[in-house]
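All chains are named by letter (A, B, ...) in the order of the sequence lines, taking the proteins before the strands, and each is independently numbered beginning at 1. Heavy-atom basis, side chains included; hydrogens, waters and symmetry copies ignored.
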Amino acid sequence: MLYADQQLHGKTSLSISLAQKIDGEIVSCDSMQIYKDMNIGTATPTQEEMRGIKHYMINCVDPEERFSVSDYKRQAEKSIEEILKKDKIPIVVGGTGLYLNSLVDEIEYPEIGIDEDYRIKLNNRAEKEGLGKLYDEAYQIDPEAMEKISQNDKKRIIRVLEIYYQTGKTKTQQEILSRKNEVRFDYYIFGLNMERTVLYERINKRVDIMIEQGLIEEVKELVKKHPKIKTAMQSIGYKETVEYLENKMTKEEMIEKIKQESRRYAKRQLTWFRKRNEMIWLNGLESHEENIRIILETIKKEKCKEV
RNA sequence: GGGUAGGUGGCCGAGUGGCUAAAGGCGGCAGACUGUAAAUCUGUUCUCAUUUGAGUACGAUGGUUCGAAUCCAUCCCUGCCCA
C-alpha cells in the first residue's frame, strides 16, 4: 500500500503510527529528504520521531549529486521489495507527486543518463539564438508533445530535444514505451488535507519552528561542506536562506519568503494529487487514531494487503 | 503657519481629456506536469448578468466639457523642506 500526503506537517507522525500498528516500514517519497545534511529545512524525521520504524530513501544522496525520478523509482522499488520480503507492509510517504507517479503508474525509464554537456549546449543556444528557435526545432521532432508545452517552458523544450538526441525517439514515443509494463503493486493512496486557512497557518508556524531549530546554521554548514551544491539548492527554505546569508534580503524578508513559497508548494501538491482519482482524502485535523481507523477499514474492505 | 511632492483596483505602480474596468509587477485563485520536480510552466483576478451586456470605480464634494483618473475650485489626508 502506498500513502501520499501533501501537507508539510502531520504526515510524518501519522505514517509512523500507522507503521507501528500494521507492522510496516516507510519509504520516503520526498525529493529533498533524499539528500544528506538537509534535515531541518526538509522536515526529515529525526531518529526519535521514527520511533524505531525503519525509513528508506532518506538521507541517502550527497547534496552535490544529481538525483532523478528514474533513480528514485529504481531505489524505492528495491526498498519496497525488501520490505515485502520481510513480510512487512511498505508505506510510501511524501509529497513529491512525480516520484509517486513513477511508482504507482509503473513508469519505466530507459537506462540512459543525462548528457550534461548536451544540456549545457542547448542552454547556451537558448541564450544566444533564443528559446523560440529551440521550440521550433522541438516542434519539428515531436509536434504532438510540443502542443502541450509552452513556448516559455525552457526545461521541457530542452527535454524534448534531449530525449530525441539520446534515444532517437520522440518524447511521445518514449512515453508510450514507458508505460508498457503492468502495474506491479496493489496500493491505496491517502492524502491529508484541511481547510486552506488552517493549512496556511500551520505552514507559517512550521517555518518559524524551522528557524528556531537552526535552519540558518544548517544552511551555513551545508554550503560550507558542499560548495558545488546544485539540485539541493532548489529546495524551499535553503535558497532563501542562502540569499539572506549573502545579504540580499533581511531575515524577516527571508522568513516571509519561505512561508510564502511553502504555501504555494502545498497548493501545487494539492493540484497534483487532486488529479489522482484513486486518492482517498483524510482530514488532516482529525486525530491519528481516527485516520488510522479509516485507513485500516479501507484496506480491509478491499482486502488488498500487500503491495 | 509657509513651501513643495503626492493620494489609482488586496498591495506596489503606470497612466495627463475620448482607443481606460484602467499597462506592468506582486499577492491570491485555478491548472499543467514522464530523468533538475520543494523545480518549471500556463490561465485567471471590480460586482452582477455571463453571447452581445449592465452597474460601480482612480482621497471627498462640487464644477467645466458631448465626454474626466486625467482640467478647475474647495476640503480631507500623507511624505519632504522651511519656520
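Here A:Arg159 does not reach the OP1 or OP2 of B:U34: none of its side-chain N or O atoms lies under 4.0 Å away. Residue A:Tyr109 places no side-chain N or O under 4.0 Å from the OP1 or OP2 atom of B:U34. Contact between the side-chain N/O atoms of A:Asn152 and the OP1/OP2 oxygens of B:U42 is found at a separation under 4.0 Å. A close approach under 4.0 Å does occur between a side-chain nitrogen or oxygen of A:Lys267 and OP1 or OP2 of B:A30. Applying the 4.0 Å criterion to OP1 and OP2 of B:C41, one finds that A:Arg268 has every side-chain N and O outside that range. Side-chain N/O atoms of A:Arg274 include one lying less than 4.0 angstrom from OP1 or OP2 on B:G31. OP1 or OP2 of B:C33 has not a single side-chain nitrogen or oxygen of A:Lys148 nearer than 4.0 Å.
The nearest whole Å value for the distance from the CD1 atom in A:Ile107 to the C1' atom in B:U34 is 5 Å. In this structure, A:Glu144 places its CD atom 13 Å from P of B:U34, rounding to the nearest Å. Atom pair A:Gln269:CD and B:C29:C1' shows a separation of 17 Å (rounding to whole Å applied). Atom CG in A:Asp153 sits roughly 14 Å away from atom C1' in B:G43 (whole-Å rounding). Here the C1' atom of nucleotide B:U36 and the OH atom of A:Tyr72 are 17 Å apart, to the nearest Å. Rounded to an integer number of Å, the gap from CD1 of A:Ile157 to C1' of B:A32 is 15 Å. Atom-to-atom, CG of A:Leu270 to P of B:G31 comes out at 8 Å; the value is rounded to the nearest Å. The CD-P distance, from A:Gln166 to B:U36, rounds to 10 Å in whole Å.
A donor atom on one side chain and an acceptor atom on the other are found under 3.5 Å apart for A:Thr42 and A:Thr44. Side-chain contact check for A:Asn59 and A:Asn39: at least one donor-acceptor pair (N or O, by modelled atom type) lies under 3.5 Å. Judged by distance alone, the side chains of A:Thr46 and A:Glu48 never bring a donor and an acceptor atom under 3.5 Å apart. A donor and an acceptor atom, one from each side chain of A:Glu106 and A:Asn181, are nowhere located under 3.5 Å apart. Using modelled atom types, one finds a donor on one side chain and an acceptor on the other under 3.5 Å when comparing A:Glu218 with A:Tyr238. Side-chain polar atoms of A:Gln166 and A:Tyr118 form no donor-acceptor pair below 3.5 angstrom. Counted by atom type alone, A:Tyr265 and A:Gln269 present one or more donor-acceptor pairs between their side chains at under 3.5 Å.
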Dot-bracket for RNA chain B, 5' to 3', Watson-Crick and G-U pairs with both distances under 3.5 Å, [ ] for crossing pairs, | for partner on another strand, reads ((((((((.[[[..)..(.....]]]((((((.......))))))(((....)))...[[[[[..)....]]]]]))))))).

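Comparing the C1' positions of B:U34 and B:C41 gives an interatomic distance of 16 Å, to the nearest angstrom. The C1' atoms of B:G9 and B:A21 are separated by 9 Å, rounded to the nearest whole Å. Spacing of C1' atoms, B:A73 relative to B:U65, comes out at 16 Å, to the nearest Å. Annotation: B:U40 and B:A57 have their P atoms spaced 42 Å apart (nearest Å). Across the P atoms, B:G28 and B:U56 are found 32 Å apart, a figure rounded to whole Å. Atom P of B:G2 sits at a distance of 32 Å from the matching atom of B:C11, rounded to the whole Å. To the nearest whole angstrom, the two P atoms, one in B:U45 and one in B:A22, are 10 Å apart. Comparing B:C58 with B:A14, their C1' atoms sit 12 Å apart, to the nearest whole Å.
Contacts between residues 170-179 of chain A and RNA chain B, defined by a heavy-atom separation under 4.0 Å, are made by A:Lys171, A:Glu175, A:Ser178, A:Arg179. At a non-hydrogen distance threshold of 4.0 Å, A:Arg66, A:Phe67, A:Ser68, A:Val69, A:Ser70 from residues 63-70 of chain A come into contact with RNA chain B.
Across all strands, A:Gly237 comes closer than 4.0 Å to no nucleic acid atom at all (heavy-atom distances). Contact annotation for A:Asp105: no contact, since no heavy-atom pair falls under 4.0 Å across all strands. Using a 4.0 Å heavy-atom cutoff across all strands shown, A:Tyr200 reaches sugar-phosphate atoms only and no base atom. Within 4.0 Å of A:Ile114, counting heavy atoms only, lie sugar-phosphate atoms of the nucleic acid but no base atom. Within 4.0 Å (heavy atoms only), A:Tyr238 reaches no atom of the nucleic acid at all. When heavy atoms are screened at a 4.0 angstrom cut-off, A:Thr42 is found touching base atoms of the nucleic acid.
The aromatic rings of A:Tyr72 and A:Tyr99 lie parallel to each other, with less than 30° between the two planes, well short of the 60° mark.
Of the two residues contacting RNA chain B, namely A:Ile149 and A:Arg264, the nearest-nucleotide position lying further toward the 5' end is that of A:Arg264. Residues A:Ser150 and A:Lys257 each lie close to RNA chain B; by heavy-atom proximity, the contact nearer the 5' end of the strand is made by A:Lys257.
At least one donor-acceptor pair closer than 3.5 Å links the side chain of A:Asn123 to the backbone N or O of A:Arg119. With A:Ser287 contributing its side chain and A:Glu290 its backbone, the two residues share a donor-acceptor pair below 3.5 Å.
Other residues, nucleotides and ligands contribute at most 12 non-hydrogen atoms within 6.0 Å of the CD atom of A:Gln47. Summarising the local packing, CD of A:Glu278 is surrounded by more than 12 heavy atoms from other residues, nucleotides or ligands at distances under 6.0 Å.
Residue A:Gln260 has its side chain nearest to B:G27 when only B:C33, B:G27, B:U34 are considered.
Every residue was checked against the side chain to side chain donor-acceptor pair (under 3.5 Å) condition with A:Ser79, not counting sequence neighbours, and none meets it. Here A:Glu82 pairs with nothing under the side chain to side chain donor-acceptor pair (under 3.5 Å) rule; sequence neighbours left out.
For the salt bridge (Lys or Arg N to Asp or Glu O under 4.0 Å) condition, the pairs that include at least one residue of residues 18-31 of chain A, sequence neighbours left out, are A:Asp23-A:Lys88, A:Glu25-A:Lys86, A:Glu25-A:Lys88.
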